[in-house]
Amino acid sequence: MMPVWLELIIRVVAVVVAFLTLPLIVGQAEHKVMAHMQGRLGPMYAGAYHGWAQLVADGVKFVQKEDITPRDADRGVFRLAPLVALFPYLLVLLAIPLGPGNLVAQPLDVGLFFVLAVLGVGVLAVLMSAWASANKYSLLGGLRGAAQLLGYELPLVLAAASVAMAAGTLSLPGIVEAWKPWWLLWQAPAAIIFFVSGLAEIRRPPFDMPIADSELVFGYMTEYTGLRFAFFLLAEYVGIIVIAALTTVLFLGGWHGPAADQLGWLWTLLKIFALSFVIIWLRVTYPRLREDQLQRLCWLVLVPLALGQLVLTAAVKVAT
Amino acid sequence: MTDDGERSTPGKGLVQGLAVTLKTMTKRSTTQQYPDVEPELPPRSRGVIALLEENCTVCMLCARECPDWCIYIDSHKEEVVVPGAARARQRNVLDKFDIDFSLCMYCGICIEVCPFDALHWTPEFEYAETDVLDLLHDKNRLGEWMRTVPPPPAHDVLGEPSKEEATAARKAAGPGAATAAKADVRRTSTPTAGRPNRAAHAKPEPPEQPQ
């Protein structure tokens, strides 16, 4: 057995590496998939082969840019907000199981609870950046973001509660252990609700009203430049990974698949990338919802459906 | 589809939207990788105007017809002594022939109007400059473009024959046929002139009627 500290370092390094590479892969996929869905080619020059190094080049560009803090901005809060946006996702990645048998950075008995709680911190980053920017567009975007994130937190938690109730545990590896293929049908409404409200939680199109570049310049990110802006973008891509990973773990059976004992991690990653593709696909296909349509979808469709799913889950659970 | 067809299946539009984007993704993009791959230009592309200096007689038609006066021509007269002739002939010699491509609007009127085919379109379009003054092409530069003039496109098989071809065909058919053709043209050009009227006309001018 290796010493505890070595194991700890390996796990943390692995998570940080995943945290830095997976978003790049997803970001590059978004560039190319979106381009081809729109009949374009996307980046073709950076890195010589089909623009594979585009995001690296973007990163270098962002680092070189001037870091501007507006004069009227609340300096400390303004500068802290991008980190607050990014950090929760890093913590969430810690708790996501990749494969069977302790292949998780930090197994937690209350993993689901921890993940949902930490995800909720995202709204704080939005409000911080919006309020501290001293910009009316930022403020409007932030208010929209707050309304959206608080609203969609409810169906998200209800859908997750349904699967936790089905599995009888809050531990993420435990939920995957308990998962059976027929849950795909039983928990299907919860899966869709979780995925849709997850999209809203990470403010991806068609739920990007807080950013809404055609009406709010760039929402709460309007005043950000350089590296801090890059952090917000990185947070968006990590958000895709996190939502895809959570949906995989909770509803698609995580590492379950042929030869799960050896290739479990591969199955998890495959499912995560497939869901990331769907997230990109939805972004390309659908126009942005109006603010009232957004709230209507949440409160009149998703919340009642999630409650119905809870009742169904409870009924089946009691019956079996 | 009925009037309430779009209400009949909720979510149909959403699925169709997804199908459209997915189908587009599987198709090849039509993007042209321009600086790496030369574009395939259609025939008669208007890139730049070339000057064949030998054909120019300094008639100034192009400069006068140019809508934005972007052709500048200077010339002088030269005496050419022709042996056997009573007097020395005079000939125009081109000193300057500039086209300012910062003003040119590529209407092609100069090329159309040139009676001796001294001006030609070429499809070359990569002559951007960092200084606008460099867009004034002098006659040497315009002459260099001649190398890029494509051969004229093939004649339309369904179109009427060119003037040269028609003349050649008429000459080959002999002198009688030529006048008959002329008479034929006149007959069709004045359809109101009836047969008796034409007979009356025919009397005062017998030499034109060969039969």
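A, B, ... follow the sequence lines: proteins, then strands. Residue 1 opens every chain.
Dense packing is recorded around CG of A:Leu300, with more than 12 heavy atoms of other residues, nucleotides or ligands lying under 6.0 Å away. Within a 6.0 Å radius of CD in B:Glu126, more than 12 heavy atoms belonging to other residues, nucleotides or ligands are found. Counting non-hydrogen atoms of neighbouring residues, nucleotides and ligands closer than 6.0 angstrom, the CD atom of B:Gln90 exceeds 12 such neighbours.
By the side chain to side chain donor-acceptor pair (under 3.5 Å) test, B:Glu124 pairs with no residue at all, sequence neighbours left out. With sequence neighbours excluded, no residue forms a side chain to side chain donor-acceptor pair (under 3.5 Å) with B:Tyr72.
Residue contact with chain B, scored on non-hydrogen atoms closer than 4.5 Å, involves the side chain of A:Met44 exclusively.
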Which donor-acceptor pairs under 3.5 Å do the side chains of residues 54-67 of chain B make with protein atoms, sequence neighbours left out?
| residue | atom | partner | partner atom | Å |
| --- | --- | --- | --- | --- |
| B:Asn55 | ND2 | B:Phe116 | O | 3.1 |
| B:Asn55 | ND2 | B:Asp117 | O | 3.2 |

Kindly provide each donor-acceptor pair between chain B and chain A shorter than 3.5 Å, listing atom names and distance.
| residue | atom | partner | partner atom | Å |
| --- | --- | --- | --- | --- |
| B:Leu14 | O | A:Tyr286 | OH | 2.7 |
| B:Leu18 | O | A:Trp281 | NE1 | 3.2 |
| B:Thr21 | OG1 | A:Trp281 | NE1 | 3.0 |
| B:Thr21 | OG1 | A:Thr285 | OG1 | 2.8 |
| B:Ser29 | OG | A:Gly39 | O | 3.3 |
| B:Asp36 | OD1 | A:Tyr45 | OH | 3.4 |
| B:Asp36 | OD2 | A:Tyr45 | OH | 2.7 |

